[in-house]
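First up is the structure itself, then whatever we jot down about it.
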Amino acid sequence: MTAGGALPADEGAVPGFSPALRWLDTSGERGDGADGPAVVVLDQTRLPAQERDLVCRDVPGLVAAIRSLAVRGAPVLGLAGAYGVALAAARGEDVEAAARLLAEARPTAVNLGFGVRRALAAHRAAADRGSAEAARAALAAARELHREDALASEAMAAEGLRLLRDLLPEPAGEAGGWRLLTHCNTGALVSGGGGTALAVVRAAHRAGLLERLWVDETRPLWQGARLTAWEAGREGMPYAVLADAAAGSLFAAGRVDAVLVGADRIAADGAVANKVGTYPLAVLARHHGVPFVVVAPVSTIDPATPSGAGIVIEEREGDEVTTARPGVRVAPEGAGAYNPAFDVTPGELVTAVVTERGVMRPPYREGPAAVPPGAGVGEAG
Ligand SMILES: CSC[C@H]1O[C@H](OP(=O)(O)O)[C@H](O)[C@@H]1O
């Protein structure tokens, strides 16, 4: 990380946020001496205490980074998948085998497979021009996806702010602003640009409309308390971290004006898979008449999955629940644990889905404003 907290932008990426991941073409830039290309990620398992790069010089190393959540969050997983294919190609390895390893690293976020397929398609299309050309094509595809994702973040921020202005009263004078609640982390750390839901919150903040960002701590891995708090603090946002279980009392006190969350996969029926704890927020929001807004690029929409029942929910190790953090045990030795990384919110509980191509509203399949053109491109693109 540079002093300003941002990695030097890779020449192929879109300058700006993108602290999460970049392609390293040559060695030495970080003095590690090793040769050859690498995928460099900002190790999110060390944040907020340490801002440390993790240099992945081969696909197994990148897969381990994905599985450990050193790099995490649906859109950036798509970039990791695409750059991973490019890395295998640049190393002259079996690209098809690498693609399978990458796509299987985490099952729920559709973006991972989408990114892998995008770079793999480019590699295959150039294969008849030789391995070097095919490797260049895979990297070019990854960089194109990176730029698309950064631009998508900007578009979602604008679309989301416009939607909030439609849904919420314009704060009058000194009467503060909007009190927005978010879950998990959906900022620049999950994206090639400024993120998804947190990009909308950032836009509201910059417009002087944010009175308070309520940050769900997001057990068991604390993405909210660690990562969203880190991002919000760097942006000067007025925020407060809360226990996930405290959200209900905020709704009951009328202190939440809208909920904004990300998504890992949106099924054809509008069901949304997102970090575990999202579904209870949707139920609370509906009970209290508060808008529940999902912010996700169209690459997260998966028409191949008909309904929420078809979304594979990643089950993670029980020790993530039975310990406060690695080595700090909370539950007794031998305690059983239930640790789904995601849950599924039925589409009818969602007020709107903000994408870079416009806003979708239930029931999604009717009317001109239902699904923006180009939505549902969760395939290889
Ligand atoms: C909008 S992408 C961020 C999305 O990904 C998170 O999951 P994880 O931290 O396990 O990668 C969470 O579901 C966020 O909403």
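First listed ligand is number 1; within each ligand, the first listed atom is number 1. No experiment lies behind these values; they were computed from the predicted model shown. Just so it is clear, the values below take in all heavy atoms, side chains as well, and ignore hydrogens, waters and symmetry mates.
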What residue and heavy atom of the protein are closest to [atom], and at what distance?
atom                    : result
atom 14 (C) of ligand 1 : Asn274 OD1, 3.5 Å
atom 1 (C) of ligand 1  : Thr196 OG1, 3.4 Å
atom 2 (S) of ligand 1  : Ala74 N, 3.1 Å
atom 12 (C) of ligand 1 : Cys184 SG, 3.4 Å
atom 5 (O) of ligand 1  : Asp264 OD2, 3.3 Å
atom 9 (O) of ligand 1  : Arg72 NE, 2.6 Å

Check: Arg72/Asn185 side-chain N/O donor and acceptor closer than 3.5 Å: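 Short answer, yes.
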Check the side chains of Thr108 and Asp264 for a donor-acceptor pair under 3.5 angstrom, ignoring hydrogens and angles.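 No donor-acceptor contact under 3.5 Å links the two side chains.
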Purely on distance, is any nitrogen or oxygen of [X] under 3.5 Å from one on ligand 1?
X      : answer
Thr186 : no
Gly73  : yes
Asn185 : no

Heavy-atom gap Leu69 to ligand 1 smaller than 4.0 Å: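 Flag set, Leu69 near ligand 1.
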Any donor-acceptor pair under 3.5 Å from [X] side chain to [Y] backbone:
X      : Y      : result
Glu314 : Pro340 : no
Glu133 : Ala127 : no
Arg234 : Ala229 : no
Arg162 : Arg165 : no

Using a 4.0 Å cut-off to any heavy atom of Arg106, which atoms of ligand 1 qualify?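 Result: 8 (P), 10 (O), 11 (O).
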State whether Arg143 and Asp25 are salt-bridged, where the test is any N-O pair (Lys NZ or Arg NE/NH1/NH2 against Asp/Glu carboxylate O) under 4.0 Å.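 Here Arg143 pairs with Asp25 in a salt bridge, since their nearest N and O are under 4.0 Å apart.
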Would you call Glu217 and Arg226 a salt bridge, using N to O less than 4.0 angstrom?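 So Glu217 does not pair with Arg226 through a salt bridge.
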Ligand 1 contact on Lys275 by region, counting heavy-atom pairs under 4.0 Å: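 Both the backbone and the side chain of Lys275 come within reach of ligand 1.
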